[in-house]
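Written out below as structure tokens is the structure these notes cover.
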Amino acid sequence: MDKVFVAGCGMTRFGKRDESLSDLVFEAAKMAREDSKIEEFDAVYVGSMNPDEFTGDGNISTVITDRLGMTKPSLRIETASSTGAGVFHAAFLSVASGHYDNVLVVAGEKMTHLPTQKSTTMMAKVISPLERIYGATMPALAALVTRRYMHEYGLDRETLGLVAVKNHYNGSLNKYAHFQKEVTLEKVIESKMVSDPLRLYDCAPISDGACACILTSKEKEIRISGLGHATDTLSLAHRDSLTGFSATQNAAKKAYDMAKTAPKEVDVAEVHDAFTSFEIIDTEDLGFFKKGGGGQALKDGITKLEGDLPINPSGGLKARGHPVGASGLAQIIEIYWQLKGEAQKRQVDSAKIGLAQSIGGLANNNLVTILEAC
Amino acid sequence: MIKGSECLCGKKVVPKRDICPKCGKHMSEAEFQDFGRVLTLTILHVPPEGYEGPIMFCMVAIEGGAKLVCGYEGDRDLDIGEHVRIKKIDNKYICEPLV
Ligand SMILES: [Zn+2]
């Protein structure tokens, strides 16, 4: 397998945007092309979870490639809320195989123009019909996981809220973030109840946004050293454990093995905090902390920007925002910026190895990506 | 009793299905007790389109090994670990406290 490098990245500000999905992708791709100085591509890989329903556009890979002014082969990849990571992995394989030399990867979603209830209902289509018939949504299933986790490991409401406080602080330093304002713990734990015990500030927002990343076989500063992709049963009820995601654990093992590295070597990570409890679970599934120890590590400040292992320096899905198809790629781009020392006000100290972890639906198609500064 | 399926790999599921979600082998039909314990629960205050909130549902560990998400329409809160009986109404499973 050939070595694959990240040559350049771009991102729009996430949030409520008036532009079309194609225009957002154009903005991000322009920035990535300028960053990479690469203008000729063999193919365009497009990630978008549900543009057909969110925007009414079909044939989105061609619509976007046409907007970019490129008559290049394009294809769309979808893995629910990990789409942005899924498309990155697919593009990686096309370069690693030697088939392509330069590939443009773009990912985006346009959601905020719809009423929240409509978006929530559309997002709920990713979960099992066995659970959906009761009216279950993503937050409801996440709440089932969270309640059980709190029961088994004694995680308290305040500690859960600290995830939101930390990530909103990081987001306040990120000019691309949907939310660039800090929140207090009081505000988090008094926010509106969504699905007990998860409140509004425990949930990532619905956002618009796009990002772009250029992969190349030519040697550059940042190399993609490890990839892992694993899944689990569609239904939560068919799984052995409710308090950890085997899809993350298995994807992480593959990525660490491929990169010949280990959790303790990771300097910075972006993890899938669609819900505050997921960040705590993710940091355990990735092997950073022992099972049940994620909450204590958070309380001890280990995962803060200036801690030993900064988690979600971008603000995470929680504060950067969650355009569902874009988030997985946005995480990888944040790691790229951190390793290059280009993360501006939220830059962590001397990071050489960074990891991004993305969850599809209720922990199906979870992907782990490891980047290294050469 | 509740109808479900079991696999040689040990997986047990409700409702029944022909192929094991874990290992892909054919499952055989099985019957389980219609009671179990609450593993976890939630009350959803922001329902999807077509539903009225709040909606309470829980995951129950059925006596015999399968897990099941079911609805609950009782007049008092349930707790984790509580014993419940499960009824099938149309295609939905609904639980109620045993005592
Ligand atoms: Zn089986």
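Only this structure's heavy atoms are used, side chains among them; waters, hydrogens and symmetry mates stay out. Letters A, B, ... mirror the listed sequences (proteins, then strands); counts begin at 1.
Within the 4.5 angstrom heavy-atom criterion, only side-chain atoms of B:Pro15, from C-beta onward, approach chain A. Both the backbone and the side chain of A:Asp240 come within contact range of chain B, judged by heavy atoms closer than 4.5 Å. In this structure, the portion of A:Leu242 lying under 4.5 Å from any heavy atom of chain B is its side chain and not its backbone. Proximity to chain A involves both the backbone and the side chain of B:Leu41, based on heavy atoms less than 4.5 angstrom apart. At a 4.5 Å heavy-atom cutoff, A:Ala124 makes no contact with chain B through either its backbone or its side chain. Looking at B:Lys92, both its backbone and its side chain come within 4.5 Å of chain A, counting heavy atoms on both sides.
When atom types are taken as modelled, the side chain of B:Tyr51 and the backbone of A:Ile133 share a donor-acceptor pair closer than 3.5 angstrom. A distance-only check finds a donor-acceptor pair linking the side chain of A:Tyr134 to the backbone of B:Tyr93 [under 3.5 Å].
Among B:Ile55, B:Ile80, B:Asn91, B:Val13, the residue with the largest count of heavy-atom pairs under 4.5 Å with chain A is B:Ile80.
Between atom CE of residue B:Met59 and atom CZ of residue A:Arg148 there is a gap of 10.0 Å, rounded to the nearest 0.5 Å. Taking CG from B:Leu39 and CZ from A:Arg147, the interatomic distance works out to 12.5 Å, rounded to the nearest 0.5 Å. Taking CZ of B:Arg17 as the reference point, atom NE2 of A:His238 lies at 5.5 Å (rounded to 0.5 Å). Distance CG/A:Leu198 to NE2/B:His45: 11.0 Å, rounded to 0.5 Å. Atom CG of A:Asp196 is separated from atom OG1 of B:Thr42 by 5.5 Å, given to the nearest 0.5 angstrom.
The closest side-chain heavy-atom distance from A:Thr137 to B:Leu44 is below 4.5 Å.
Of residues 110-119 of chain A, those residues lying under 4.5 Å from chain B by any heavy-atom pair are A:Gln117, A:Lys118.
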